[in-house]
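Chain naming here is simple, since letters A, B, ... match the order of the sequence lines and numbering starts at 1 in each.
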Amino acid sequence: MDTYELLTRNTDEVVVEDEVRELAQDPDGKRVYVGYEPSGVLHLGHLLTANKLIDLQDAGMEVVVLLADVHAYLNDKGTFEEIRETAERMRAQFLAYGLDEERTEFVYGSDYQLEEDYTLDVHELELSTTLNRAQRAMAEIQSGETAKVSHVVYPLMQALDIEYLDLDLAIGGMDQRKVHMLMREELPAIGYEARPVLHTPIVADLTTGDGKMSSSEGITISMEDSTEELEEKVNSAFCPPTRDPEGDLENPVLELFEYHVFPRFEEVVVERPDEYGGDLTYESYETLATDLESGELHPADAKGALASSLDELIAPGRDVLSEMRA
RNA sequence: CCGCCCUUAGCUCAGACUGGUAGAGCAGUCGACUGUAGAUCGACUUGUCCCCCGUUCAAAUCGGGGAGGGCGGACCA
C-alpha cells in the first residue's frame, strides 16, 4: 500500500488532497494530532480516530493526543481535578489499545492554553469570528440548548491548538468538520498557516443504522463492555443483508468490520456450524461484504465474528481499566 | 433595571380557565415471526406534575414567595 493510501484509507474527507500528498512524500517525523475531551471510558468513536493514528504512526509520523481538559471545562464537564483524573484513564486506554508509546505525545490543554500569547490569540480570533460561525462550529453543543459564551470560545481554541502544538496535520471525525474549516480560514487571517485535515467517518447508530447525529443516545460499545455485553449489543444491531440499506440508513455491522476490524486484523474467521456450511475466512472487507450481500454469509454469523473481533480489540483496554479501579 | 413566556414520563407535549393525587405520541422492555437485526403484530413499564408556604375535606390545577430556563424593552455610557 503506498503512503498516501495508508494516510487516507478509511477517511471520509481529505482537506486538501494536494497538501496531504505532499506530506506523504516525507511523513517521517511529521506531527499529527487529534484532540479529545477527556471521558472516563473510550468508545468505538474514539477508537475509530485511534485507528487512523495507528496508520499514521505506521507511516512514520509522530502522534500528539491532546487531552483537552480546558475544553472539557468550558463544556461544563466538571472540575479540573475530575477532568484530569479521567484524562489519565483515557491515556492508559489509548496505550493499551495499541498506540506506540514511544511515538505518542500526550498533552494537556492546560499545559499551554492558559499562557498569555495563547490567550491573546484567542481574543484575536474572537475579534474576527462571528457568533453565528463559532456556534455552528461547536460540535458538542446540544441541539435545542442555547450556547454559552464558553461554547463559542471552544472552537476558536481548537483552531489555535493546531498552531500551538506545531502540527503538520490534524485529524478528527466528520463531526469536527466545521471547526476545521474555521481553522483553515481563520488561522491565515491572524498570520498562521492552515494545516491539512483528515476526517474519519461517523459510524451509524448500532441499533437503527441511522447515520445522523443522535448516536449519543443509542447503544455504544465501549472499552468497559464485557464479552457478554459486547455479544448482546452486536447481536441487537441493525443488519440487513446489504451494504446499502434503504433510505439514508447504513449497515452498522459492515461499517464496524470496515473501520474497526479489517484495519487491525489480517484475517477474520467466521465460525459457522457445519449445518450452515462450516467456517469461513476473510482477508478483506470487500469479500466479506460481497458474501453478506449474496447470502453466502448470514448476518447472524457475521455478528458472531464481529463480536469476537471487537472483544479482542477491546480486551487490553478493559484490563487496564479494571486494574486502575482495583 | 423593567416586562412577558416556559418548567408535567427518557423526549415532545396535553391536562390548569370550570380543584377530586395524570394522559398521548415517540422511545424503552418483553413475547410471536424471521437462522441476525429491522419491519409487522401482541403485551407491558415509566412520574419529587421545579421547590416552599398558604386556601381547601381534597391542589399538577387556586393564592403568595422562591429557583431555573427562554424572549423582549430600556441604557448608547
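- For the pair A:Arg91 and A:Tyr108, the NZ or CZ position fails the cation-pi test of under 6.0 Å to the six-membered ring centre and within 45 degrees of the ring normal.
- To the nearest 0.5 Å, atoms CG (A:Leu156) and OG1 (A:Thr129) are separated by 5.0 Å.
- Remark: P of B:U36 and CG of A:Leu254 are 17 Å apart, rounded to the nearest angstrom.
- Nucleotide B:C49: unpaired (no Watson-Crick or G-U wobble partner with both distances less than 3.5 Å).
- Across all strands shown, B:G73 is found opposite B:C1 as a Watson-Crick or G-U wobble partner, with both distances under 3.5 Å.
- As rounded to the nearest Å, B:A16 and B:U61 have C1' atoms that lie 4 Å from one another.
- For B:U40 and B:C26, the P atoms lie 10 Å apart once the distance is rounded to whole Å.
- With A:His199 as the fixed residue, the side-chain hydrogen bond (donor to acceptor under 3.5 Å, both in side chains) test singles out one of A:His180, A:Arg177, A:Gln176: A:His180.
- Ring geometry, A:Phe94 versus A:Phe106: the interplanar angle falls from 30° to 60°, so the pair is classed tilted.
- Using N1 to N3 plus N6-O4 or O6-N4 for Watson-Crick, or N1-O2 and O6-N3 for G-U wobble, each under 3.5 Å, B:A60 pairs with nothing.
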Nucleotide N/O of nucleotides 70-72 of chain B paired with protein N/O under 3.5 Å:
{"from": "B:G70", "atom 1": "OP1", "to": "A:Thr146", "atom 2": "OG1", "distance (Å)": "2.8"}

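- Base pairing of B:U55 is not made with any nucleotide, judged by Watson-Crick or G-U wobble geometry with both donor-acceptor distances under 3.5 Å.
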Item to complete: Please assess A:Thr86 against A:Ser39 for the test side-chain contact (heavy atoms from CB on, under 4.5 Å), listing each intermediate value before the final yes or no.
Response: CA-CA 6 Å; A:Thr86 55; A:Ser39 85; over 6 Å; no
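- Annotation: B:C71 and B:C17 have their P atoms spaced 30 Å apart (nearest Å).
- Rounding to whole angstrom units, CG of residue A:Leu206 and C1' of B:U36 are separated by 12 Å.
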Practice prompt. Check the pair A:His46, A:Gln93 against side-chain contact (heavy atoms from CB on, under 4.5 Å), reporting the backbone distance first and the verdict last.
Written response: CA-CA 11 Å; A:His46 296 118; A:Gln93 290 170 77; over 6 Å; no
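- Across B:U21 and B:U56, the matching C1' atoms stand 14 Å from one another, rounded to whole Å.
- Between the CG atom of A:Asp205 and the P atom of B:A37 there is a distance of 16 Å, rounded to whole Å.
- A gap of 49 Å separates the C1' atoms of B:C41 and B:C4, to the nearest Å.
- Figure legend. B:A67 is base-paired to B:U7; pairs are counted as Watson-Crick or G-U wobble with both atom distances under 3.5 Å.
- Note: CG (A:Asp274) to P (B:G35) measures 20 Å, nearest angstrom.
- In this structure, B:U12 and B:A24 make a Watson-Crick or G-U wobble pair, each of the two defining distances being under 3.5 angstrom.
- Spacing of C1' atoms, B:G20 relative to B:G25, comes out at 27 Å, to the nearest Å.
- For the pair A:Leu297 CG and B:A37 P, the interatomic distance rounds to 16 Å; values are reported in whole Å.
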Discussion item. Checking A:Thr79 against A:Arg84 for the side-chain hydrogen bond (donor to acceptor under 3.5 Å, both in side chains) test, could you report, in this order, the C-alpha distance in whole Å, the side-chain angles of both residues, the deciding distance, and whether it holds?
Written reply: CA-CA 9 Å; A:Thr79 66; A:Arg84 294 290 286 238; over 6 Å; no
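- Within 4.0 Å of A:Pro241, counting heavy atoms only, lies at least one base atom of the nucleic acid.
- We find that NE2 of A:His298 is positioned 10 Å from C1' of B:A37, with the value rounded to whole Å.
- To the nearest 0.5 angstrom, A:Leu125 atom CG is 4.0 Å from A:Ile190 atom CD1.
- Taking the P atoms as reference points, B:A59 lies 14 Å from B:G19, given to the whole Å.
- Across B:G38, B:G35, B:U36, the shortest atom-to-atom separation from the side chain of A:Phe238 is found for B:G38.
- Across all strands shown, B:G35 forms no Watson-Crick or G-U wobble pair with both key distances under 3.5 Å.
- B:G28 and B:C11 have their C1' atoms separated by 11 Å, with the value rounded to a whole Å.
- Rounded to whole Å, atom C1' of B:U36 lies 17 Å from atom CD of A:Glu271.
- The distance between atom CG of A:Leu256 and atom P of B:A37, rounded to the nearest whole Å, is 17 Å.
- B:U29 is paired with B:A43 under the criterion used here, namely a Watson-Crick or G-U wobble arrangement in which both key atom distances are under 3.5 Å.
- Distance CG/A:Leu165 to CD1/A:Ile162: 8.5 Å, rounded to 0.5 Å.
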